[in-house]
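First comes the structure, then the notes that go with it.
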Amino acid sequence: MLMLDTAFTEASKVLYSASKNFVYFKEITIVVPKSWSASSQYTTISGSASSSMDFLVDKAKAETGNTPYVHGLTACGGQGQYAHITPELMINSQSIGYGPIEKILVHEWAHLRWGVFDEYPSVEQPDIDEIEKFYNEDGTWKPIMCTDKILGLNLRDCRNSRSRCFTDPDGKPEPDCQFCVQAPNTAKASLMAYQWISSVVEFCDEDTASVNEALRHNSRAPNDQNRFCGQRSVWEVMRTHSDFNASNSAGSGTQATTPVFNVVQEGEIRLALVLDISNSMNAQIAGPSRLQLLQDSVGHFLTYAVPDNSDVGIVTFSSSAQIVTSMTTVTSDAIRQSLVQNLPSTAFGYTAIGDGLLKGLEVLNTTANLKGSIIILVTDGKENRRPLVADVLPLLVSSGVTVHSLAISSGSDSQLTSISQVTGGKSYFYSESSTSTVLHDAFAGMLEESNVPVQIDSQSVTVQGGSPVTGQFYVDSTVGLKTVLQVMVNDTSSVSVRVSGPDGTTYTDTSGPFVTSITRNVAISGTAAAGRYTYTITSDTDLKGTLSVQSGRTDTASDGLIVRSWTSGTQYSYGQNSTFRVYASVLRNKSPVLKSRITANLENEDGETATIDLKDDGVGSDLTADDGVYSGTVLPKYVTLDGRLSVKVTAANTDGTAKVLTATSGSGAAPLSGSGNTVTIGNQENFQRVSQTGEMIVQNYVPGAISDVIPPAKITTLVLTSIDDTSGVVQVTWKAVGDDVDDGTATLYDVRLSTDINSLMTNPGSASQLTSQVPTPKASGQTETYTFTLPVLARDSRTYYLAVRATDNSQNTGELSNIVSLSLVTDVNWLPTTTTPTTSTRATTVVPRSTRNSDQSVLIGLSTAACIAAIGLLLLAISMSCCFGKWKRVTSRGRYPDDVESGYTSSRRNTRGNRSRRKRGYSSQHADDIRDYKRSRHKRDYMDVYSVPDLTPYDFPYIKHGSAYSNSIPYNMYRDHAISVMQ
């Protein structure tokens, strides 16, 4: 733990300074897994803390190596899910090329907490497995960074200072060209790009005269910060966060920033069921009473879902509360049966929710530490007896207990949502519709431990008397233990259920161990085989009901295939132009699962439903394509009622189209001759998952016709594909957006070109409009290609700035896209001919490239010791070449002399396509899959940054055997400052 203490203590200092004395890490909780040996230094907590972690210290993943990242960032200024750091990075961040661990932690925290993005190159070139590392401006190609104060050279190989860069046939820098940082450097920014440079200690700020020139943001560089945050600087985004609002002020320069560290160890689950038995629970809406539904739902939960060795207590409340069952350790089926038999069978009296919560705390309070313990509160009414919830809530918060709530009916207390929110729990709503699956899904989502079964499927079923209903579900290889199919209907007297497995084995139903059963269960003993299962439901009478399937993980030491879902908020104020978003993360052992079919089902208080698709295509509501986070926008037309709105996400791959990342050819540090790890994509077996997101509170709903006032989404995928410096012909691409955000198809594109980027950003309508051969919008998510000619062909270093926006058929126009700069190259250093370029110390400096003949002279000079003396200008030139030539090293491109020595020729064998294929090192049948994956952060967050051989000291970790260097390369997210350490 000393390693973590030291790293975060130093990170707290860096954070305080970089945030201008606003924030530091005050208190940090380190959570170790229960599989570790117990220690007197650990305080035991109940259950898992994974849902509240900020940093996860866990083993390296195949596709990212030791690269740090943040998972689940969904919007500029938004918060992520967690930051992933490997143990090796924590220990050896310097030696493996990332720089001081404290700066890496601050870099990731800025992603996680404030929703800012990387300022190093991260946008991939179309149709090739490479990263865009330069942008076109002022007649040259400039390296992508926040400021221009970082010194370096543009080279193909940072170990070889004579490996000069040229443009390729598309007029762009060669794919292996990179900006190589020199030492020493005095640049101060930015921590979101070059955090490993010792002088870099600050974030970039807005580009105004009031800001120190060394910190001014470069809004023209095509990096993620500019793409996703509308060209705003990191500080401009950070200032919108509550950490920097007017109620907070900067501290003193002498503020102590050392955090307080707490070390806790995960333990077994401690759970109190707090159940409403007031008179309203006798109500019957359609068939069974609410109390019967409660009995069967909780009974199924206790029988099949609660893990062994969990401690469970039962409390009931009506006019007052009472403990029905004290804390009982679940060690056998007999104990489970006993708990089920103690569930309430009668309902009467008033509703004392506050007293029920107090009794829940009392039944849990048999241990010194309540932190991590869980209360599951189920009620259908509003409180009308003291103590009130408001009286009890401070005690709940201070105890560290998490409260999950399930509201039955629209008449249930509105405070349930806030109780769960302030205690870190989830709130669910059951509409009492006969087709609602919330009772299945909510209990399945309340426990997140690895040994808790996952929900595979849930859906409504309608059975017509005498006509069997058949359906299918899939069990994948990560699950299979204690697999159970449950059918819940209002009368099971004439119902039978059977299931056929992939090997033809037939399983039949039992009524289960419940006191009053309205369910039929089919349990598959042992480990269910992976594959497709078919169920058949028959009944003598017409019935409506629901069906669910759950199964336990076969390897509790691994994550398996997990689907987690969330929304952009917990409240939605209805309006003609108001929307909210639903997100789902689909990971297999923390690796993204791509091309899955993801939907979100919305259910209001009347049981009315609507369904939207969630996509992972980097369009509209989806920030980044192919990162395993699927997104969808809920438009006003899908909302039809005030009150609670239940949101359920289903994920499936039932046709074999899904893919999963499986391996890479290198570590997270970029290799010397590439731009990052080579991604291998494998087929994902068929699977199904259900994730109950929880409830959304809808307010201010107004019935009536909905006007079309929602514009298309902002285009964030505009990329320069090629530029011809002779003809001025330019080609760009982008992904199509929809009519309403990413829904439907836009009507037209408004393409604007300007020589003034500030004018383009603030008043795009005043810029020149390009109208010739502008493409007609395709369906959302498809690629658009646009070719045009720059209006001025004079080679005068003039720079144009291009942007696009989409308009729908109601003349609603979306935000301006990310901006691409265009300039005909006049810098002879980039032209593929023999020249005598000048050198300087600014960021765009290049090293002169010798001709083949001069290289031969160098070799001769080396063999005859020509560097001993210099006589005349010719010998001096040869002598200089000789000394410079000592740094020449054999690279992977050395076997192509026409490429290395003579610049570009039409016959060069090391073409972009060939390099890309060699770099992938992967069979051609997966080429399409890899191209589809290109924009995933697991691949695209790489940048080659190496030191240039020089006599001056290196300004970052240097390994003599020539390891690559890369900056901190993340994803993005936040919560209370907790660190989870995995084994």
Do [X] and [Y] come close enough that some side-chain heavy atom pair is under 4.5 Å?
X: Gln322; Y: Thr316; value: yes
X: Thr325; Y: Ile323; value: no
X: Arg532; Y: Pro502; value: no
X: Val31; Y: Met53; value: no
X: Ile408; Y: Val378; value: yes
X: Val403; Y: Leu396; value: yes
X: Lys359; Y: Val274; value: no
X: Val484; Y: His300; value: yes

How many angstroms lie between CD in Gln337 and OG1 in Thr303, if you round to the nearest 0.5 Å?
7.0 Å

Roughly how far, to the nearest 0.5 Å, is the CZ atom of Phe301 from the CZ atom of Arg336?
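Rounded to the nearest 0.5 Å, the CZ-CZ separation comes to 10.0 Å.
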
For Glu603, all residues meeting salt bridge (Lys or Arg N to Asp or Glu O under 4.0 Å), sequence neighbours excluded:
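Scan of Glu603 (salt bridge (Lys or Arg N to Asp or Glu O under 4.0 Å), adjacent residues dropped) gives none.
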
Heavy-atom pair of closest approach, residues Pro453 and Tyr304:
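Taking every non-hydrogen atom into account, CG-O, 3.4 Å.
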
Between the side chain of [X] and the main-chain N/O of [Y], is any donor-acceptor distance below 3.5 Å?
X: Ser310; Y: Val306; value: no
X: Ser494; Y: Ser539; value: no
X: Asp276; Y: Asp380; value: yes
X: Gln265; Y: Pro33; value: yes
X: Gln486; Y: Val549; value: no
X: Thr328; Y: Ser326; value: yes
X: Thr505; Y: Gly501; value: no
X: Asn686; Y: Gly656; value: yes
X: Arg689; Y: Leu561; value: yes
X: Asn601; Y: Thr611; value: no

Please determine whether side-chain contact (heavy atoms from CB on, under 4.5 Å) holds for the pair Leu594 and Val660, giving the CA-CA distance in whole Å, both sets of side-chain angles, and the decisive distance to 0.1 Å.
CA-CA 6 Å; Leu594 316 178; Val660 64; over 6 Å; no

According to side-chain hydrogen bond (donor to acceptor under 3.5 Å, both in side chains), who are the partners of Arg597, at least two apart in sequence or on a separate chain?
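For Arg597, the residues satisfying side-chain hydrogen bond (donor to acceptor under 3.5 Å, both in side chains) (neighbours in sequence not counted) are Asp613.
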
So, [X] versus [Y]: side-chain donor-acceptor pair below 3.5 Å or not?
X: Thr437; Y: Gln459; result: no
X: Ser46; Y: Glu266; result: no
X: Thr567; Y: Thr693; result: no
X: Asn282; Y: Ser289; result: no
X: Ser420; Y: His404; result: no
X: Thr331; Y: Thr329; result: no
X: Thr570; Y: Gln421; result: yes
X: Ser691; Y: Ser565; result: yes
X: Thr599; Y: Lys648; result: no
X: Glu685; Y: Ser477; result: yes

Could you tell me whether Gln464 atom CD has more than 12 heavy atoms of other residues or ligands within 6.0 Å of it?
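Incorrect, the count does not exceed 12.
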
Neighbour count above 12 (heavy atom, 6.0 Å) for Lys371 NZ
no

Aromatic plane relationship, Trp36 with Tyr42 - under 30° parallel, 30 to 60° tilted, over 60° perpendicular
tilted

Parallel, tilted or perpendicular: which one describes the rings of His71 and Tyr82, with boundaries at 30° and 60°?
tilted

So, do Tyr474 and Phe687 have ring centers that fall under 6.0 Å from each other?
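For Tyr474 and Phe687, the ring centres are not under 6.0 Å apart.
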
Carefully, step by step, assess Lys595 and Asp616 under the rule salt bridge (Lys or Arg N to Asp or Glu O under 4.0 Å).
CA-CA 8 Å; Lys595 300 183 182 299; Asp616 186 16; over 6 Å; no

Carefully, step by step, assess Leu377 and Leu406 under the rule side-chain contact (heavy atoms from CB on, under 4.5 Å).
CA-CA 6 Å; Leu377 172 64; Leu406 172 59; over 6 Å; no

Let me see the working for Ser427 and Ser405 under side-chain hydrogen bond (donor to acceptor under 3.5 Å, both in side chains), right down to the final yes or no.
CA-CA 5 Å; Ser427 58; Ser405 61; 4.7 Å; no

Could you go step by step and tell me if Ser318 and Ser278 meet the side-chain hydrogen bond (donor to acceptor under 3.5 Å, both in side chains) rule?
CA-CA 4 Å; Ser318 54; Ser278 63; over 6 Å; no

Using side-chain contact (heavy atoms from CB on, under 4.5 Å), reason through Arg553 and Leu481 one step at a time and then give a plain yes or no.
CA-CA 6 Å; Arg553 279 172 255 190; Leu481 291 179; over 6 Å; no

If a pair satisfies salt bridge (charged side-chain N to carboxylate O under 4.0 Å, His left out) and one of its residues is in residues 447-475, list it, with sequence neighbours excluded.
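Found Lys426-Glu448.
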
Start with the C-alpha distance between Ser591 and Asn589, add both sets of side-chain angles, then the distance that settles side-chain hydrogen bond (donor to acceptor under 3.5 Å, both in side chains), and finish with yes or no.
CA-CA 6 Å; Ser591 295; Asn589 295 326; over 6 Å; no

side-chain hydrogen bond (donor to acceptor under 3.5 Å, both in side chains) between Ser412 and Thr379: does it pass, once the steps are laid out?
CA-CA 7 Å; Ser412 54; Thr379 181; over 6 Å; no

Trace of the side-chain contact (heavy atoms from CB on, under 4.5 Å) decision for Ser551 with Lys482
CA-CA 6 Å; Ser551 186; Lys482 297 183 178 179; over 6 Å; no

